[in-house]
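These values consider heavy atoms only, across backbone and side chains, with no hydrogens, waters or symmetry-generated copies. Chain identifiers are assigned alphabetically (A, B, ...) following the order of the sequence lines, protein sequences preceding nucleic acid strands; residue numbering begins at 1 within each chain.
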2 protein chains.
Amino acid sequence: MKNNQQRMVWALEVCERSRMRPTPIRQKILEFLADRRVPTSLEVVMREGVQGKCSETTAYRTLMLLKELQIIRQVSFPKKTSYFVLNIPGESSHFLVCQSCREVTELPVSESARELDREISASRGYSQIYHDLEFFGICPACQKQPARARCPNAPLSNPLVSKTQTVTNGVKY
Amino acid sequence: MKNNQQRMVWALEVCERSRMRPTPIRQKILEFLADRRVPTSLEVVMREGVQGKCSETTAYRTLMLLKELQIIRQVSFPKKTSYFVLNIPGESSHFLVCQSCREVTELPVSESARELDREISASRGYSQIYHDLEFFGICPACQKQPARARCPNAPLSNPLVSKTQTVTNGVKY
DNA sequence: ATACTTGCAAAGCCTTTGCAGATCT
DNA sequence: AGATCTGCAAAGGCTTTGCAAGTAT
């Protein structure tokens, strides 16, 4: 697994090979994403990445551009909003999400997981394989909280889409 | 892995334990989902499941209800629309998606993959763990097609969100 | 000059909800 | 009657695009 600086170097190299202009805004967004180890929404890019120094449209178009160049990829969580992560070749991403507090943790990709890609490739003939693996569960802290922990069969859907929930600086989604 | 009939039996049992009324529409939708081995959108439920015999609102609310009862779960693909699959306890779902033709294939869940849940549970203290695992790649047929196969570095984003693409009877998304 | 970027505003599209009528117990 | 369903229509919310102005080569 690459460290954040290596991630940025890789991303810049791919950028240079394209005709994309390295504007300050784009560099800022790229740098921000290279420093994040978890999928990041447009909203967070705006607030924490560029801090309102560009329009949402521009940030959005930058993300789309980076996606076209395959520098980032769109990651899927059961929500309406999209999340993006660096698309480093051969680096699949594994995340652990607490269904109660929404905290997202990055997990290292084990060799056995990488092996899965090769297996699929060999048995099904697919090329350019990567995978997304997301674990969902209840974190230790939330298990101790009475509200959610004591009713494990309570509907999860409402808390999951809670409108009052704010995306904090932490790695939540 | 359960067969389709066993899936339906399981789903009906969970339904009976709730105060939900087993209306014809709901049974129809449940039956349809039990017969699908891949995540299914509201649109497909409308067209193929109930064939327009109820409003989109009702189908939508049925899906939300089933989700609250944890009979189905919302699965995530990098698209705006939501997809749903039966949430059979202990059955995580693995899918293989062709990024070119969008065909979705269900993959069996290996014992080693199940083991992952236990590992996470043990090492991180999370409870009620399940996971979603999606593989993305280019299927053999598409590799042979010149248009996409010959430019493996072509932007994937546009084809992925193509507006002219129609969801067929096959398992595409 | 020409091509690329940016921002505003508007349009799109899927999701979600209010409310009244229909249905079941 | 009382509690549930259903459908229409409208509201929401994130995503996407048209167009004109700004910026770099």
Report yes if at least one side-chain N or O of [X] is closer than 4.0 Å to OP1 or OP2 of [N]; otherwise report no.
X	N	value
A/Thr23	D/dA24	no
B/Arg21	D/dA3	no
A/Thr58	C/dG7	yes
A/Ser55	C/dG7	yes

Q. From D/dC14, C/dT5, D/dC5, pick the nucleotide closest to the side chain of A/Arg26?
A.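 Nucleotide nearest to A/Arg26's side chain: C/dT5.
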Q: Counting heavy atoms from C-beta on, name the nucleotide in D/dT15, C/dG7, D/dG7 closest to the side chain of A/Ser82.
A: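 The closest nucleotide is D/dT15.
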Q) B/Thr57 near the nucleic acid: base, sugar-phosphate alone, or nothing, with a heavy-atom cut-off under 4.0 Å? A)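 Answer is base: heavy atoms of B/Thr57 come under 4.0 Å of a base.
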Mind calculating the distance between [atom1] ([X]) and [atom2] ([N]) to the nearest angstrom?
X	N	atom1	atom2	answer
A/Ile25	D/dG22	CD1	C1'	12 Å
B/Leu65	C/dT17	CG	P	14 Å
B/Glu68	D/dC5	CD	C1'	15 Å
A/Glu43	D/dT15	CD	P	10 Å
A/Gln74	D/dC14	CD	C1'	12 Å
B/Glu56	C/dT17	CD	C1'	15 Å
B/Lys79	D/dT16	NZ	P	10 Å
B/Arg19	C/dC24	CZ	C1'	17 Å

Q: Indicate yes or no for a side-chain donor-acceptor contact from B/Thr40 to the backbone of B/Val38 under 3.5 Å, with no hydrogens or angles considered.
A: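 At least one qualifying donor-acceptor pair exists.
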Q: Take A/Leu42 and A/Arg61, find for each the nucleotide of DNA chain D with the closest heavy atom, and name the residue whose nucleotide sits nearer the 5' end.
A: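 It is A/Leu42, whose closest nucleotide lies nearer the 5' terminus.
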Q. Does any donor atom in the side chain of B/His131 or B/His94 lie under 3.5 Å from an acceptor atom in the other side chain?
A.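 Indeed, the side chains of B/His131 and B/His94 share at least one donor-acceptor pair under 3.5 Å.
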Q | Test item: A/Thr105 and A/Phe95 side chains (from C-beta on) under 4.5 Å apart, heavy atoms | A |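 No; the side chains remain at least 4.5 Å from each other.
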Q) Any idea how B/Phe77 and B/Phe136 line up, ring-wise: parallel (<30°), tilted (30 to 60°), or perpendicular (>60°)? A)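 Perpendicular: the ring planes of B/Phe77 and B/Phe136 meet at over 60°.
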**Q.** Within 6.0 Å of CD in A/Glu111, more than 12 heavy atoms from elsewhere
**A.**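 Correct, the count exceeds 12.
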**Q.** Position toward the 5' end of DNA chain C (nearest nucleotide), B/Thr81 or A/Thr62
**A.**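 The answer here is A/Thr62.
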